[in-house]
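So you know, we letter chains A, B, ... as the sequences are listed, proteins then strands, and number each from 1.
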Amino acid sequence: MRRNECIAMLLAGGEGRRLGVLTKDLAKPAVHFGGKYRIIDFTLSNCVNSGIETVGVLTQYQPLVLNQYLGIGSPWGLDRREGGMHVLPPYVRQKGGVWYKGTANAIYQNIGFIERYDPEYVLIISGDHIYKMDYDMLLSAHKSNRADATIAVIPVPWAEASRFGVMSVDEEGRIVEFAEKPKQPTSNLASMGVYMFSWPVLREALIQDEADSQSANDFGKNVIPKLLREGARLYSYRFEGYWKDVGTIDSLWEANMDLLEDEASLNLNDRERRIYSVSPNRPAQYVAPGASVRSSLINEGCVVEGNVNRSVLFYGVKVGKGSLVEDSVLMPGAVVGKDARVIRAIVGEGAVVGDGCQVGAFDSEEIAVVGSGDTVPDARPLLEAKPI
Amino acid sequence: MRRNECIAMLLAGGEGRRLGVLTKDLAKPAVHFGGKYRIIDFTLSNCVNSGIETVGVLTQYQPLVLNQYLGIGSPWGLDRREGGMHVLPPYVRQKGGVWYKGTANAIYQNIGFIERYDPEYVLIISGDHIYKMDYDMLLSAHKSNRADATIAVIPVPWAEASRFGVMSVDEEGRIVEFAEKPKQPTSNLASMGVYMFSWPVLREALIQDEADSQSANDFGKNVIPKLLREGARLYSYRFEGYWKDVGTIDSLWEANMDLLEDEASLNLNDRERRIYSVSPNRPAQYVAPGASVRSSLINEGCVVEGNVNRSVLFYGVKVGKGSLVEDSVLMPGAVVGKDARVIRAIVGEGAVVGDGCQVGAFDSEEIAVVGSGDTVPDARPLLEAKPI
Amino acid sequence: MKLPMMGVINLIHETEQMGTLTAGRCLATVPFGGRYRLIDFVLSSMVNSGIAKVAVFAHTKFRSLMDHLGSGGNWDLHRKQSGLFVLPPAMEDMTEFGKGDLYQFYRHRDYFVRSPLEYVVIARSHMVCNLDFARVLAEHRDRNLDVTVVCKSWPLARTGLARKVKTDADGRIVEMQDHFGRLASDVVSMEMYLLRKELLIDLVETTLAQGKDHFVRDAIMSRLGELNVGACMHDGFLGVVNTIPAFYRHNMELLDPDVWNELFFRPGPIYTKVKDEPPTRYRSGSAVVNSLVANGCEIEGTVEGSILFRGVKVRKGAAVRGSIVMQNGVIGENGALENCILDKEVEIRPQQQLRGTADVPYLAVKRNVI
Amino acid sequence: MKLPMMGVINLIHETEQMGTLTAGRCLATVPFGGRYRLIDFVLSSMVNSGIAKVAVFAHTKFRSLMDHLGSGGNWDLHRKQSGLFVLPPAMEDMTEFGKGDLYQFYRHRDYFVRSPLEYVVIARSHMVCNLDFARVLAEHRDRNLDVTVVCKSWPLARTGLARKVKTDADGRIVEMQDHFGRLASDVVSMEMYLLRKELLIDLVETTLAQGKDHFVRDAIMSRLGELNVGACMHDGFLGVVNTIPAFYRHNMELLDPDVWNELFFRPGPIYTKVKDEPPTRYRSGSAVVNSLVANGCEIEGTVEGSILFRGVKVRKGAAVRGSIVMQNGVIGENGALENCILDKEVEIRPQQQLRGTADVPYLAVKRNVI
């Protein structure tokens with residue numbers, strides 16, 4: 001009865017080092033995105049919207065904020081009597097414990113968890129990407145191909161292909177060649193890091209991979225190439241839609257800006273496939289007399305007294321009188337004082353930009369960043385002397 | 001608003017080695033007790049019944065079954081939007097992770113968790129004991145004594161005092177002397193391992209204890225004696241009622257038998273202070289024609305066709321025709337075949353006692369044990385030859 | 001697996017002759033089998049079959065229903081997107097109470113329209129069974145039916161009130177009559193109707209527009225000619241619990257181990273509200289045989305051929321025979337019951353003797369002291 | 001900290017003149033402040049004050065109430081032992097609907113009797129405020145009162161209907177009149193009555209036995225002589241939202257940042273049902289000033305001095321001024337609203353112009369296309 005045909009294992013251990021001061025105490029999946037969400041909301045919501053109700057979330061780097069955020073899974077409807085969401089940190093045995101060696105090792109260490117649910121299929125995903133996908137369609141393709149594993153792929157610009165695992169496929173989508181971050185890519189079909197496995201195949205592959213002392217225990221580097229060499233039925237599943245790895249300051253900023261297009265390719269307003277997140281319980285946003293807001297995404301609990309243009313404001317942000325916020329992302333609780341300028345910038349959670357300050361500039365190549373909780377002190381005397 | 005005045009930290013890492021085959025894959029707090037419960041149900045229910053709604057459960061030994069049992073805390077009403085139950089395994093940092101060094105170190109490693117709730121008081125309890133206690137009364141005594149720490153105590157027979165932390169107290173209950181497992185006890189007031197601390201005092205004591213490389217990082221051995229030496233206000237709180245450490249086969253068996261007294265000193269039927277546990281969803285128990293049941297506790301889902309006397313039957317136990325079960329504890333799903341005898345025994349979870357077998361004996365000193373999942377094969381041919 | 005089907009448990013004008021058992025509660029929450037309420041059986045069957053969205057169309061006396069169902073967590077229906085909906089009747093106009101169920105279906109049509117699920121199964125609360133609706137849906141599709149009615153071949157003397165059904169050689173229903181009809185047939189309807197959502201909405205609107213307002217009579221029975229209505233036979237246990245003799249009889253049938261093993265376990269478990277009662281305590285003088293006993297009881301006397309709900313106390317020297325004692329009943333010392341039904345929280349005084357028959361059991365009203 | 005007090009939100013015969021705003025819903029679930037329902041304010045106040053057990057005495061049209069409150073999880077009241085109880089009225093006898101609230105209190109007396117909590121606070125759903133009941137209880141105990149009534153000194157012109165109260169120098173209430181009475185007083189009752197549970201039960205039973213059935217009029221107002229009834233003054237914001245002008249006015253008062261900062265945050269946050277709407281999207285043509293905007297809106301036009309609920313769309317060239325637009329409203333291209341209240345899911349056609357006044361706003365009924 002009520003078997004878990006397919007369960008998901010969500011790799012959420014990413015450190016996100018290239019996000020710098022924004023991930024000081026934060027695992028990458030917990031990084032804020034889109035005015036309301038954290039990155040992991042997208043994959044968790046994808047699971048729920050695809051009918052997958054058992055999700056193991058594998059954490060390791062800075063899990064405190066992430067654990068607290070995930071709670072018992074209720075915002076995503078994953079607080080279930082059976083199944084639901086389970087957080088799986090590396091396990092400490094009597095002789096000690098270590099971090100997961102690689103993506104495949106992380107799943108290997110949790111074979112016991114998976115077996116509790118006796119699934120036919122296991123979906124491996126990562127909490128680092130922004131996209132909306134119906135995993136149920138991936139599963140249908142996997143079944144109709146009688147595949148051992150199916151990898152979701154997306155065409156990327158040829159110039160970037162060498163940053164990904166790329167594959168060549170035949171006319172039926174079966175993978176004939178796979179190369180992890182090749183210097184000379186022969187295909188621009190990139191792996192999205194979304195794998196659907198038939199569980200007996202995966203189980204066996206993980207055990208073999210673990211026994212191989214030469215292996216880096218990574219899906220892209222070891223498990224997939226080995227399966228391919230052994231002639232397993234590996235298929236690609238072509239994804240159409242928005243997909244973005246937000247691993248750098250620039251890509252995080254860009255992905256936020258992408259949402260501001262009048263016809264954004266990532267639709268947050270689709271009520272059939274909502275993105276769920278923890279509700280911060282704030283009142284409706286207040287736009288004061290004299291304020292102006294254009295081409296922006298603004299969340300509840302914000303107070304806007306200044307001018308906001310092409311920007312994303314998370315909950316509880318305040319923008320004071322006479323200030324201008326443009327082409328910027330203001331994380332939860334960020335405060336911009338009076339007569340300040342925030343241009344092409346990301347202002348971290350709870351950070352304060354003092355009265356009269358300027359952060360970033362229109363002609364700057366780089367995105368300016370104010371770290372979470374940091375304060376840019378008032379600059380009024382300076383500005384009075386030399387107004388910009 | 002809604003501050004957590006007092007939160008509880010529940011030490012649930014016990015291995016229970018002396019419970020042998022009953023704890024093969026089980027942490028001690030997960031051991032079954034009383035026909036329906038696991039040991040940890042008592043302390044979790046005590047918390048809820050005392051109005052403590054934030055509980056950190058510190059696990060380490062064999063946490064899989066325990067984690068699955070605890071789930072999101074809903075059986076105890078601890079699936080809260082704020083606070084609630086949190087399972088805290090030893091944390092693996094990049095350089096690796098180790099088990100908690102001692103009880104004090106376990107709390108020390110979770111200072112960050114405690115600080116999230118900013119409590120005034122922290123209750124330290126262990127998941128190894130069977131008792132019903134109103135921690136709110138302990139807290140009231142702690143407050144009215146303006147104590148730094150208050151230790152719940154219970155008088156034990158002098159002969160056993162050396163197994164406990166014992167203390168001498170003055171006429172106001174203030175602790176003047178404390179000795180952990182003394183060879184020559186000067187008091188029979190034993191610590192129950194239930195400590196109420198004012199959080200700032202505990203926090204400071206934990207930091208000092210951790211800095212002391214000589215310390216075993218244990219409350220009874222190190223933290224309490226040091227506080228006493230330094231003149232902290234340590235008070236005792238005298239507990240009246242049933243309290244039992246069920247750390248051995250004998251004491252586990254005894255504690256189960258204690259429940260069968262017509263006026264049992266541990267009242268499970270008190271509706272004001274219920275003991276909560278995970279419901280296994282079984283139908284009402286069925287007592288067949290020809291069966292007899294006396295002086296026993298029997299849970300839902302049991303089918304009794306034989307004779308049961310002075311025994312505790314967990315859910316889903318079956319006792320076949322012609323069998324006798326006496327002075328015994330039958331764990332969940334245990335099956336006793338036809339014409340078998342189970343006397344002065346504990347039969348583990350899912351174990352099978354075959355037709356015609358005898359387990360244990362009335363004149364045996366020792367309690368017979370059938371390990372979880374073990375099978376005692378049918379003995380019919382033997383019995384037919386030489387019936388007992 | 002999820003089924004592309006939603007469930008409706010229709011409590012509007014349920015046919016019943018349950019006397020005081022339904023004085024303070026609706027039929028759906030009449031206690032049954034030691035720890036259940038009637039609605040648990042169809043609701044658990046739906047959940048176990050993979051139905052993730054169930055609406056209960058409440059009508060009267062549904063406070064006990066709300067208390068029992070809560071947010072649906074005990075049936076794993078406490079979900080973000082779907083789950084359990086208790087829909088009270090439109091209250092603003094009292095005259096609507098008398099109207100047929102189609103009228104309320106119409107008022108609740110948003111519930112159907114807004115869902116992407118393709119099929120609906122409409123059931124009643126008083127059919128005690130354990131059923132796999134996935135199998136019914138598969139048969140519905142295979143046989144290309146418009147409406148599938150779950151039926152049971154039941155030649156026994158019937159104590160409950162059930163519609164009779166006549167099928168042709170292909171299993172198509174050619175006639176259907178209310179329980180008081182004269183149709184001679186061994187087959188009864190289990191009042192479970194599976195059909196496409198679009199067809200349901202069409203039937204609701206068309207039938208109401210024709211001035212008729214009763215789902216089964218007006219939308220189904222009068223259309224047996226135009227629609228392809230098939231019977232899907234249920235092989236397992238069935239109790240039609242809407243009269244007092246049926247209530248008594250079907251409870252007693254649970255004392256057959258074959259029934260107990262099937263009804264409560266196969267194809268899936270029956271869920272109910274968790275009560276946190278301790279295990280039942282048999283004291284030294286207890287003599288219990290051939291009985292079902294729920295948790296939280298304390299037994300010092302004799303219990304034979306009976307069903308004890310949670311928290312019942314049978315004192316020293318008391319004897320309970322052929323009786324059903326609901327939650328928290330107390331049988332005082334040396335009291336004696338034979339063929340009785342005690343509603344919840346009835347106390348029988350010491351020495352008191354009560355006796356009914358299996359056909360007409362003695363029925364004690366809730367919270368009485370006798 | 002837990003208070004030794006239970007809360008009752010009494011929806012029985014709430015005084016209101018809300019027109020079509022209460023056509024399909026009860027007063028408690030009238031939308032307010034962009035994302036709330038009226039009941040959220042008193043319910044959040046109770047929860048934030050440490051009240052862990054709240055009963056809502058529902059009466060009519062409460063389907064929206066059940067949908068909104070669910071199992072109480074959004075208010076952290078989804079508990080094992082206590083939590084939120086929605087108690088529907090006894091439905092078996094239609095004549096009971098007309099009876100006063102004391103009659104229903106009596107029917108629900110188990111709710112009081114079974115709880116060990118010592119105090120009860122009985123409130124209404126339509127008093128919009130953010131209040132610490134712990135302070136009220138402390139004052140009740142300090143002043144040794146029999147009944148404490150939360151009151152507000154309110155010399156302003158009043159648009160809502162509220163009882164007037166006269167106190168003596170010690171703050172004891174010496175007179176109390178219904179809203180239509182002639183009593184000249186600046187003090188109004190916020191219809192929150194705090195008293196011991198035993199006194200409440202006594203008042204219920206005694207008053208009913210005297211043939212009277214109205215809690216405030218018969219049990220409190222007529223006993224001002226015998227009981228020590230004191231006023232506890234509320235200093236913060238108050239909206240008495242039971243008429244259309246009051247609804248309009250108190251919504252507009254939220255545009256004052258001081259009110260916004262107080263009502264929604266102090267002493268605690270106001271909780272409501274989580275809706276999972278994305279952040280609001282301001283498109284290139286948007287011009288929004290002096291407005292409250294909930295999540296999920298898409299704005300291409302002009303919004304001034306208005307309140308937009310969740311999911312409202314203001315198309316290109318449209319202008320919304322001095323208006324309240326509830327959930328999922330759509331203002332078509334170049335449409336113009338001034339002093340309007342649009343109930344949920346109203347669609348304004350392109351070019352359409354609608355205009356009311358602040359005293360008599362234009363009110364559009366739910367799901368209309370205009």
Side-chain angles (χ1 to χ4, degrees), chain A residues 33-37 41 45 48 72 74-77 79 256 259-264 266-271 274-305 308-318, chain D residues 32-36 40 44 73-76 78 251 254-257 259-265 268-300 303-313 316 328:
Chain A
F33 174 78
K36 173 165 181 176
Y37 310 97
D41 286 333
S45 301
V48 174
I72 58 174
S74 29
W76 307 273
D79 51 337
N256 274 288
L259 295 172
L260 303 179
E261 301 300 320
D262 270 353
E263 294 309 322
L266 183 70
N267 184 357
L268 298 175
N269 291 62
D270 171 12
R271 292 188 180 183
R274 279 182 202 273
I275 304 301
Y276 301 105
S277 70
V278 175
S279 165
N281 238 314
R282 302 296 174 98
Q285 57 201 259
Y286 175 64
V287 183
S292 94
V293 185
R294 285 208 179 74
S295 302
S296 294
L297 270 185
I298 304 198
N299 198 353
E300 292 172 336
C302 287
V303 176
V304 179
E305 298 176 331
V308 175
N309 196 13
R310 293 194 303 276
S311 294
V312 175
L313 272 58
F314 285 73
Y315 59 85
V317 164
K318 290 191 168 43
Chain D
F32 189 84
R35 57 195 293 276
Y36 303 93
D40 291 338
S44 300
N74 284 313
W75 295 265
D76 212 20
H78 176 49
N251 263 296
L254 303 176
L255 297 177
D256 176 346
V259 171
W260 189 89
N261 273 312
E262 182 203 316
L263 179 65
F264 295 120
F265 295 98
I270 305 299
Y271 304 101
T272 190
K273 187 180 177 190
V274 171
K275 290 275 194 182
D276 294 299
E277 290 284 352
T280 274
R281 176 179 296 273
Y282 294 79
R283 294 190 189 273
S284 35
S286 75
V288 179
V289 288
N290 190 30
S291 293
L292 272 188
V293 183
N295 269 358
C297 294
E298 297 184 54
I299 305 175
E300 301 177 80
V303 179
E304 286 179 26
S306 293
I307 293 173
L308 305 189
F309 283 67
R310 287 154 163 167
V312 167
K313 291 185 174 61
K316 266 192 197 122
N328 298 332

Requested in this report: Could you grab the distance from atom CZ of D/Arg283 to atom OG of A/Ser296, nearest 0.5 Å is fine?
Outcome: 12.0 Å
Query - Heavy-atom proximity to chain D below 4.5 Å, by part of A/Tyr37 - result: side chain
Query - Contact summary for D/Val289 and A/Gly290, nearest pair of heavy atoms - result: CG1-N, 3.9 Å
**Report entry** Best-contacting candidate, A/Gly35, A/Gly34, A/Ala288, against chain D by heavy atom pairs under 4.5 angstrom
**Finding:** A/Ala288
Report task. Kindly determine whether A/Asn269 and D/Lys313 satisfy side-chain contact (heavy atoms from CB on, under 4.5 Å), including the steps that lead there. Result -> CA-CA 12 Å; A/Asn269 291 62; D/Lys313 291 185 174 61; 5.8 Å; no
Query raised in the report: What heavy-atom pair brings D/Tyr36 and A/Pro283 nearest, and what distance separates the two atoms?
Result: OH-CA, 3.1 Å
Report task. Check whether D/Phe309 gets within reach of chain A through its side chain, its backbone, both or neither, counting any heavy atom under 4.5 Å. Result -> neither
Report task. Would you mind checking which part of D/Glu277 comes under 4.5 Å of any heavy atom in chain A, side chain (CB onward), backbone (N, CA, C, O), both or neither? Result -> both
Query - D/Ser44 OG to A/Asn281 CG distance, which is reported to the nearest 0.5 Å - result: 7.5 Å
Query raised in the report: Which one, D/Ala294, D/Gly311, D/Pro279, D/Ser284, leads in non-hydrogen pairs under 4.5 Å with chain A?
Result: D/Pro279
**Report entry** Separation between OH of A/Tyr286 and CG of D/Asn261, rounded to the nearest 0.5 Å
**Finding:** 10.0 Å
Report summary line: Okay, A/Val303 and chain D: the region with an atom under 4.5 Å from a heavy atom over there is side chain
Query raised in the report: For the candidates D/Gly34, D/Cys297, D/Pro257, D/Gly296, which exhibits the highest count of non-hydrogen atom pairs separated by less than 4.5 Å from chain A?
Result: D/Pro257
Requested in this report: Output the option from A/Glu261, A/Lys36, A/Gln285, A/Arg282 having the highest count of non-hydrogen pairs under 4.5 Å with chain D.
Outcome: A/Gln285
Requested in this report: Pick one of side chain, backbone, both or neither for D/Ile307, based on which atoms fall under 4.5 Å of a heavy atom in chain A.
Outcome: neither
Requested in this report: Would you give the length of the straight line joining atom CG of D/Asp276 to atom CG of A/Leu268, rounded to the nearest 0.5 angstrom?
Outcome: 12.0 Å
**Report entry** Partner chain A: residue of D/Val288, D/Leu308, D/Ile299 with the largest heavy-atom pair count (under 4.5 Å)
**Finding:** D/Val288
Report task. Measure the OH-OG distance between D/Tyr282 and A/Ser311 for me, rounded to the nearest 0.5 Å. Result -> 13.0 Å
Query raised in the report: Counting N and O atoms only, with roles assigned by atom type, does the side chain of A/Ser279 sit under 3.5 Å from a partner on the main chain of D/Lys275, one being a donor and the other an acceptor?
Result: no
Report task. Under 4.5 Å heavy-atom distance to chain A, tell me which part of D/Leu292 shows up: side chain, backbone, both or neither. Result -> both
Query raised in the report: Which atoms of D/Arg35 come close to chain A, meaning under 4.5 Å heavy atom to heavy atom: side chain ones, backbone ones, both, or neither?
Result: side chain
